[in-house]
Number of protein chains: 4
Amino acid sequence: MPYRSSDKTRQKKDAKRTAMMQAAVRVFAEKGYHAATIRDIVAAAGVAIGTFYFYFPDKETLFVHLYEETADFLLQAIRQAISSRATLPQQIAAGLQAYVNIAVFEPAVIQLLLVGGVGAVPSLTVKQHEFREKLVQIWQRPLQNADTLIAPQNTQRTAEALVGGFDEVVLGLLRHPEAGSQAGTAVQELTRFALRAVGYTGS
Amino acid sequence: MPYRSSDKTRQKKDAKRTAMMQAAVRVFAEKGYHAATIRDIVAAAGVAIGTFYFYFPDKETLFVHLYEETADFLLQAIRQAISSRATLPQQIAAGLQAYVNIAVFEPAVIQLLLVGGVGAVPSLTVKQHEFREKLVQIWQRPLQNADTLIAPQNTQRTAEALVGGFDEVVLGLLRHPEAGSQAGTAVQELTRFALRAVGYTGS
Amino acid sequence: MPYRSSDKTRQKKDAKRTAMMQAAVRVFAEKGYHAATIRDIVAAAGVAIGTFYFYFPDKETLFVHLYEETADFLLQAIRQAISSRATLPQQIAAGLQAYVNIAVFEPAVIQLLLVGGVGAVPSLTVKQHEFREKLVQIWQRPLQNADTLIAPQNTQRTAEALVGGFDEVVLGLLRHPEAGSQAGTAVQELTRFALRAVGYTGS
Amino acid sequence: MPYRSSDKTRQKKDAKRTAMMQAAVRVFAEKGYHAATIRDIVAAAGVAIGTFYFYFPDKETLFVHLYEETADFLLQAIRQAISSRATLPQQIAAGLQAYVNIAVFEPAVIQLLLVGGVGAVPSLTVKQHEFREKLVQIWQRPLQNADTLIAPQNTQRTAEALVGGFDEVVLGLLRHPEAGSQAGTAVQELTRFALRAVGYTGS
DNA sequence: TATGAATGAGAATTCATTCAT
DNA sequence: TATGAATGAATTCTCATTCAT
């Protein structure tokens with residue numbers, strides 16, 4: 001019996017914690033790390049300042065944590081989309097579609113990862129590198145697997161360049177209000193771009 | 001002897017102003033806009049705080065100015081490299097070489113443009129968009145000119161993706177201390193990547 | 001036990017706020033707007049600098065607010081004293097007595113209104129004019145009501161001159177440490193002065 | 001011969017010094033002591049900052065000096081106007097006319113004495129008191145001389161009140177752009193006010 | 001757990017003043 | 001004499017963080 005109550009408490013607490021983190025993501029994404037104040041965050045979450053420090057040790061830790069979680073979410077989504085397809089063109093299209101979907105429906109995720117946290121917190125630099133590297137690895141894998149269907153190349157470098165290109169286009173989409181309407185075209189064009197870039201000769 | 005105004009004094013002042021701006025670029029590049037304090041900048045320049053405000057109106061104005069100047073410098077270097085070559089492969093190789101050279105010898109330039117100023121100052125957002133757009137245009141031009149030698153495509157989108165790809169690779173280079181040694185290889189690989197990506201069929 | 005918000009806490013906060021405002025009035029009155037620093041004010045109130053900004057938006061806003069409140073207090077006191085009497089001589093004597101009382105027992109009020117804030121803040125100029133005008137109106141009213149008992153005259157001008165005269169004498173009183181002892185005489189003499197000045201012929 | 005040249009030099013220097021002082025009066029009058037910067041003053045005088053410190057030791061000293069000179073000028077003008085007339089009504093009218101003239105044609109003088117310097121500089125307080133006292137004495141003298149023609153009274157107190165009244169009205173005039181057109185009426189009304197206030201029974 | 005009043009280090013900016021030329 | 005570049009103390013204000021309730 002007692003543990004059930006404790007369970008509920010735990011759940012409640014987690015719910016509040018999660019709500020605060022979501023509020024924080026929104027605020028960080030919108031204003032960037034430095035311009036976002038704790039007051040902004042607690043206001044967005046509808047709690048008091050003290051409550052923030054009950055759930056999180058400090059601003060920087062929260063931000064780094066948020067960055068990691070968000071990065072994992074994005075990586076997982078792309079990884080999952082790619083791994084659920086069989087051929088390289090399908091993998092690229094699916095991975096891109098997943099990425100663009102997130103950009104359109106959760107722009108805060110992209111904002112946080114590609115804009116809000118860039119060069120803001122020293123302790124984040126390492127995490128950022130890790131994130132970039134993992135992203136590259138995710139895109140490099142299908143290239144390695146399609147070994148015989150693409151041009152001979154340094155797949156790591158190719159994946160790096162693709163990742164950068166995807167980011168640039170996606171950020172460009174977000175700069176325009178009607179991001180959603182362009183998304184489909186962008187995915188197609190980027191897919192073709194990527195296939196050419198790797199020298200795909202299948203079909 | 002009413003103080004010679006326009007001669008050496010003038011030059012000295014300009015020299016000092018330039019020296020201070022260079023110091024500021026270094027500091028901004030290293031720490032990012034917010035983490036860089038006026039104290040950091042004047043310390044790096046070896047002057048007093050008041051001196052900063054004698055030469056510049058305020059932190060933000062200086063930063064925006066620096067960003068613009070640096071952006072113009074980079075754009076000009078790449079534009080110039082591209083326009084001095086005749087064929088697409090040469091143009092791409094030359095443009096990339098120019099870009100990578102700056103990254104290797106003036107890493108602060110790339111740091112300032114791609115990292116230190118991202119999401120830092122609201123009044124900079126517009127300038128950043130302009131910078132990205134100009135960069136895209138610079139790379140789009142040779143594609144348009146090589147019209148018949150490349151695959152049919154949305155050259156604007158392609159240029160966007162290339163620009164993003166180049167940036168990512170260059171930032172990757174800077175992450176490693178021995179950037180210089182990798183630079184040559186990176187230029188070659190990126191050139192081939194780009195030629196494939198545009199579907200170049202010349203020779 | 002989520003923190004009782006509206007009870008004692010509220011009252012305490014208001015009390016502190018009031019205490020800080022009183023401290024601020026003292027400091028502003030003593031040093032004038034510019035010479036009074038936030039440090040002075042918080043030192044006088046026995047709190048930290050941050051506390052000031054928790055209660056008030058900034059120095060100027062507080063000062064203007066203080067000025068308005070103080071002006072209203074003084075105006076109300078004089079208005080009330082005058083309106084509670086029936087004849088002109090009584091009205092003048094009562095109004096003056098009220099004014100002098102405040103000067104003697106709350107010299108900071110007069111100091112703030114007539115000295116500390118003069119020419120200090122641009123945004124205050126309008127308030128100052130309003131204050132002077134209201135003061136003139138207060139003294140003009142009894143003159144208009146005693147219409148038939150005083151010399152024909154521009155009562156507005158007369159009231160202006162009386163107001164200026166009263167201020168000068170009151171400030172003179174405050175210049176001497178034993179202001180209180182002279183106060184009674186001053187009220188009598190000023191009353192007679194005013195009655196002559198309006199050409200009062202009653203009795 | 002040499003002394004002639006030195007003489008000219010002296011004159012030139014004095015001329016420049018005077019020009020700078022006039023510029024300073026204008027600036028102090030317009031902005032008040034604290035808001036007026038040395039840069040403002042030298043800009044108004046058309047010289048360099050260093051030049052200021054060649055002629056004057058520092059800002060405060062200059063201001064106090066300016067205050068004294070301006071006060072002397074005003075006192076002398078009124079004193080002179082009064083002493084050149086024979087009867088009390090003429091004396092009051094002439095003194096007021098002189099005062100109002102200065103207010104209309106040299107508003108900076110009044111601004112400096114009655115507004116710009118009030119409560120601004122601690123070291124000025126004494127000078128201000130002296131100024132007020134001298135002004136009171138100037139107006140008290142004719143009252144004492146008209147001893148038998150006015151009501152029995154404390155002429156010092158009366159003079160104080162008159163001085164304050166005159167100031168208030170004059171400041172009121174300056175608040176309106178068309179000060180000049182109202183000046184004549186104001187002098188007449190104030191003269192009558194003053195004559196009534198002293199209980200003048202002549203004629 | 002939750003609150004929000006209180007803190008104070010630190011940042012940007014101003015401006016009177018100095019001094020080498 | 002005259003200049004104006006250079007200085008740095010002092011000021012206002014912000015904001016992450018603490019802690020008594």
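In what follows, every chain begins at residue 1, and chains take the letters A, B, ... in the order their sequences are listed. From a predicted model like this one, the values you see are computed outputs, not experimental measurements.
Among residue pairs with one or both ends in residues 36-56 of chain D, those qualifying as salt bridge (Lys or Arg N to Asp or Glu O under 4.0 Å) are D/Lys31-D/Asp40; sequence neighbours excluded. Applying the salt bridge (Lys or Arg N to Asp or Glu O under 4.0 Å) test to pairs two or more places apart or on separate chains, those with a residue in residues 50-73 of chain A are A/Glu68-A/Lys127. Legend: salt bridge (Lys or Arg N to Asp or Glu O under 4.0 Å) pairs involving residues 19-28 of chain C, not counting sequence neighbours: none detected.
When the nearest nucleotides of DNA chain E are assigned to C/Gly46 and D/Gly50 by heavy-atom distance, the more 5′-ward of the two goes with C/Gly46.
Here the C1' atom of nucleotide E/dT3 and the NZ atom of A/Lys16 are 10 Å apart, to the nearest Å. Rounding to whole angstrom units, OH of residue C/Tyr55 and P of F/dC13 are separated by 19 Å. Taking atom NZ of residue B/Lys13 and atom C1' of nucleotide F/dT3, one finds them 12 Å apart after rounding to whole Å. To the nearest angstrom, C1' of F/dT12 lies 13 Å from CG of C/Asp40. As rounded to whole Å, 19 Å separates atom C1' of F/dT17 from atom CZ of A/Phe63. One can place NZ of C/Lys12 at 10 Å from C1' of E/dA5, the figure rounded to the nearest angstrom.
Of the listed nucleotides (E/dA5, E/dT3, F/dA5), E/dA5 has the atom at the smallest distance from the side chain of C/Phe54. Comparing E/dT7, E/dT3, F/dT3 by their closest approach to the side chain of A/Thr51 singles out E/dT3.
Distance check, rounded to the nearest 0.5 Å: OH of A/Tyr67 to CZ of A/Phe28 gives 14.0 Å. Atom CG of B/Leu124 and atom CG of B/Leu66 lie 10.5 Å apart (nearest 0.5 Å). Going from atom CZ of B/Phe52 over to atom CD1 of B/Ile41 covers 5.0 Å, rounded to the nearest 0.5 Å.
At least one donor-acceptor pair under 3.5 Å links the side chain of C/Thr18 to the backbone N or O of C/Asp14.
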Any N/O pairs under 3.5 Å between the protein and nucleotides 11-13 of chain E? List them or say none.
residue, atom, partner, partner atom, Å
E/dA12, OP1, B/Lys59, NZ, 3.0
E/dA12, OP2, B/Ile38, N, 3.2
E/dT13, OP2, B/Tyr53, OH, 2.9
E/dT13, OP2, B/Lys59, N, 3.2

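In this structure, B/Glu30 has no side-chain contact (heavy atoms from CB on, under 4.5 Å) partners at least two apart in sequence or on a different chain.
Contact annotation: the side chain of B/Thr51 never approaches that of B/Val42 to less than 4.5 Å [non-hydrogen atoms, C-beta and beyond].
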Intra- and inter-strand pairs of DNA chain F in dot-bracket (Watson-Crick or G-U wobble, both distances under 3.5 Å; | for another strand): .||||||||||||||||||||
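C/Phe56 comes within 4.0 angstrom of no nucleic acid atom, judged by non-hydrogen atoms across all strands.
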